[in-house]
Amino acid sequence: MHGEYKVPGGKLVVVDLDVDEGALRNVRVAGDFFLEPDDALLDIDRALEGADAGLTAPQLAARIDAALPAGTVMFGFSSEAVGIAVRRALANATDWHHYDWQLVHTGPQSPALHMALDEVLTAEVAAGRRAPTLRVWEWGSPAVVIGSFQSLRNEVDPEGAARHGMTVVRRISGGGAMFIEPGNTITYSLSVPEALVQGLSFADSYAYLDDWVLGALDGMGVKAWYQPLNDIATEAGKIAGAAQKRLVAGNGAVLHHVTMAYDIDADKMTDVLRIGREKLSDKGTKSAKKRVDPLRRQTGLPRAEVIERMIGTFRGRYGLTDGAVTPEEMARAEELAATKFSTEEWTARVP
């Protein structure tokens with residue numbers, strides 16, 4: 001069995017192993033990480049040899065930590081990263097390079113249609129009819145997108161939304177509200193087979209699926225990291241938030257989408273969103289205006305160039321072929337946009 005895990009912002013850990021009568025055998029750990037002393041690698045292998053194949057990644061990490069000599073330095077990886085690679089090997093997880101990735105980047109769409117396209121394209125990936133897809137959104141109008149489980153009245157000021165011409169829609173994933181203005185927002189979705197995140201905890205899958213974005217931002221001079229559970233942050237503040245939805249039909253698929261603040265009208269945002277004091281306190285800030293620090297200021301680049309550099313980073317790492325939404329997919333998405341995502345029944349399902 002073979003498992004790989006790229007540590008977000010760090011190095012690649014590779015594990016090859018066998019399983020015999022429920023125990024790990026012939027364990028071999030490798031990777032492009034740094035480790036001192038040199039022979040500590042053998043200690044890691046020995047710590048895993050004979051371990052119960054049912055152990056979790058933290059439990060495997062505990063075995064490794066107990067076996068390493070005092071003063072061991074692990075740079076670019078950790079004991080838990082090795083444990084995750086083991087779990088991915090046992091789960092027969094796939095890697096980014098197992099797939100022919102497709103890019104969908106079309107003209108502006110309505111907020112409701114974007115919600116529908118996420119559901120349709122991810123369902124197609126689960127059914128095996130579509131290749132794993134990176135979809136970059138272009139917004140046709142300003143919007144507030146609330147999470148699947150959020151209360152509509154608690155999150156959105158209807159008078160503020162109407163005053164600024166903002167459509168309110170509800171997505172299928174959880175998480176918090178997204179404040180959208182077409183020229184100020186960068187949004188993308190990944191529709192991926194469930195096998196890509198096998199062996200990862202729900203929390204670990206967020207950072208794993210966005211590691212390429214951290215690389216893209218670094219190439220633009222922005223030092224960013226994942227702030228659990230679902231924020232991408234810099235020293236200057238939050239720049240993005242992620243959300244996920246798991247589909248169990250077919251072979252299973254994961255929808256992972258991210259909204260990034262290229263620029264922001266903070267006064268308008270606070271006029272539209274009911275951002276509670278408890279949330280602000282939890283984030284350690286006194287003002288909603290200080291919670292988000294846009295990419296425009298941090299990169300100095302036009303929005304279109306930021307997007308192109310992001311796409312270029314993904315293509316350079318994993319390969320990416322230009323694609324499109326098929327007529328059949330679009331017809332289904334348009335139907336869903338009209339019968340589900342534009343309806344009061346769905347939008348106010350949590351009043």
Side-chain angles (χ1 to χ4, degrees), residues 5-10 56-59 61 77-81 83-85 87-88 91 93 96 115 118 122 134 144-151 154-155 170-180 185-192 194 196-218 222-248 252-261 269 273-285 288 290-293 295 310 350:
Y5 177 58
K6 170 65 169 59
V7 179
T56 65
Q59 289 170 328
F77 79 123
S78 65
S79 297
E80 186 156 353
I84 291 172
R87 296 308 317 166
R88 286 175 58 75
W96 295 87
M115 304 303 106
D118 263 358
T122 307
L134 167 65
V144 173
V145 183
I146 60 175
S148 180
F149 312 109
Q150 288 188 295
S151 163
N154 288 346
E155 297 298 326
R170 185 184 295 273
R171 62 182 183 268
I172 62 173
S173 63
M178 299 154 48
F179 177 80
I180 306 297
T185 305
I186 297 173
T187 306
Y188 64 87
S189 301
L190 285 169
S191 297
V192 307
E194 187 178 28
L196 183 63
V197 297
Q198 287 290 346
L200 296 176
S201 70
F202 189 78
D204 287 336
S205 71
Y206 273 81
Y208 180 74
L209 291 175
D210 279 334
D211 184 57
W212 65 277
V213 176
L214 301 185
L217 291 170
D218 185 67
V222 179
K223 304 300 181 183
W225 60 87
Y226 234 87
Q227 186 168 292
L229 169 65
N230 62 332
D231 288 348
I232 298 175
T234 70
E235 290 185 354
K238 173 182 172 179
I239 56 175
Q244 285 187 10
K245 175 68 176 180
R246 308 285 174 114
L247 302 186
V248 297
V254 177
L255 167 64
H256 177 93
H257 44 199
V258 174
T259 290
M260 312 180 78
M269 180 182 72
L273 298 183
R274 300 186 192 274
I275 301 177
R277 291 181 180 178
E278 183 176 347
K279 178 180 287 188
L280 295 177
S281 174
D282 180 59
K283 297 294 183 180
T285 63
K290 297 179 182 178
R291 288 185 58 214
V292 180
D293 195 76
L295 284 172
M310 289 170 57
V350 182

Next item on the list: Quick one: do Q150 and V350 satisfy side chain to side chain contact (heavy atoms under 4.5 Å, CB included)? Show the steps, please.
Entry: CA-CA 6 Å; Q150 288 188 295; V350 182; over 6 Å; no
Margin query: Before you tell me yes or no, could you show the steps for V197 and R246 under side chain to side chain contact (heavy atoms under 4.5 Å, CB included), namely the whole-Å CA-CA distance, both residues' side-chain angles and the distance that decides it to 0.1 Å?
Written below: CA-CA 11 Å; V197 297; R246 308 285 174 114; 3.9 Å; yes
Using every non-hydrogen atom in the two residues, find where [X] and [Y] come nearest and quote the distance to one decimal.
| X | Y | result |
| --- | --- | --- |
| E235 | W225 | N-CH2, 3.2 Å |
| R88 | G199 | CG-CA, 3.9 Å |
| S191 | L255 | OG-CD1, 4.2 Å |
| L200 | S205 | CD1-CA, 4.0 Å |

Can you tell me how far apart [atom1] ([X]) and [atom2] ([Y]) are? Round to the nearest 0.5 Å.
| X | Y | atom1 | atom2 | result |
| --- | --- | --- | --- | --- |
| E155 | L273 | CD | CG | 7.5 Å |
| M115 | S148 | CE | OG | 12.0 Å |
| Y208 | Y226 | OH | OH | 14.0 Å |
| L217 | W212 | CG | CH2 | 9.0 Å |
| D204 | E80 | CG | CD | 6.5 Å |
| S201 | I84 | OG | CD1 | 6.5 Å |

Check: Short question: side chain of R170, backbone of G147 - any donor-acceptor pair under 3.5 Å?
Finding: yes
Note to self: Test your reading of the model: is there a side-chain donor-acceptor pair from R171 to the backbone of A177, 3.5 Å cut-off?
What the structure shows: no
Item checked: Heavy-atom side-chain contact between V254 and L196 under 4.5 Å ->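 Heavy-atom side-chain distance check fails, nothing below 4.5 Å.
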Notebook entry, point to check: Side chains of V258 and L209: closer than 4.5 Å at any heavy-atom pair?
Noted result: no
Quick one: list whatever passes side-chain contact (heavy atoms from CB on, under 4.5 Å) with [X], sequence neighbours left out.
| X | answer |
| --- | --- |
| T259 | M178, I180, T185, T187 |
| A91 | Q198 |
| R87 | A57, L60, L90 |
| L247 | T122, A123, K245 |

Check: Should D293 and K238 count as an ion pair when the cut-off is N to O under 4.0 Å?
Finding: no
Notebook entry, point to check: Can you list the residues that meet the ring pair (Phe, Tyr, Trp, His ring centres under 6.0 Å) rule with H256, with sequence neighbours excluded?
Noted result: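 So H256 forms a ring pair (Phe, Tyr, Trp, His ring centres under 6.0 Å) with Y206.
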Checklist line | Contact list for residues 207-217, test salt bridge (Lys or Arg N to Asp or Glu O under 4.0 Å), sequence neighbours left out | finding: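 Salt bridge (Lys or Arg N to Asp or Glu O under 4.0 Å) check on residues 207-217 returns K6-D211, D211-R317.
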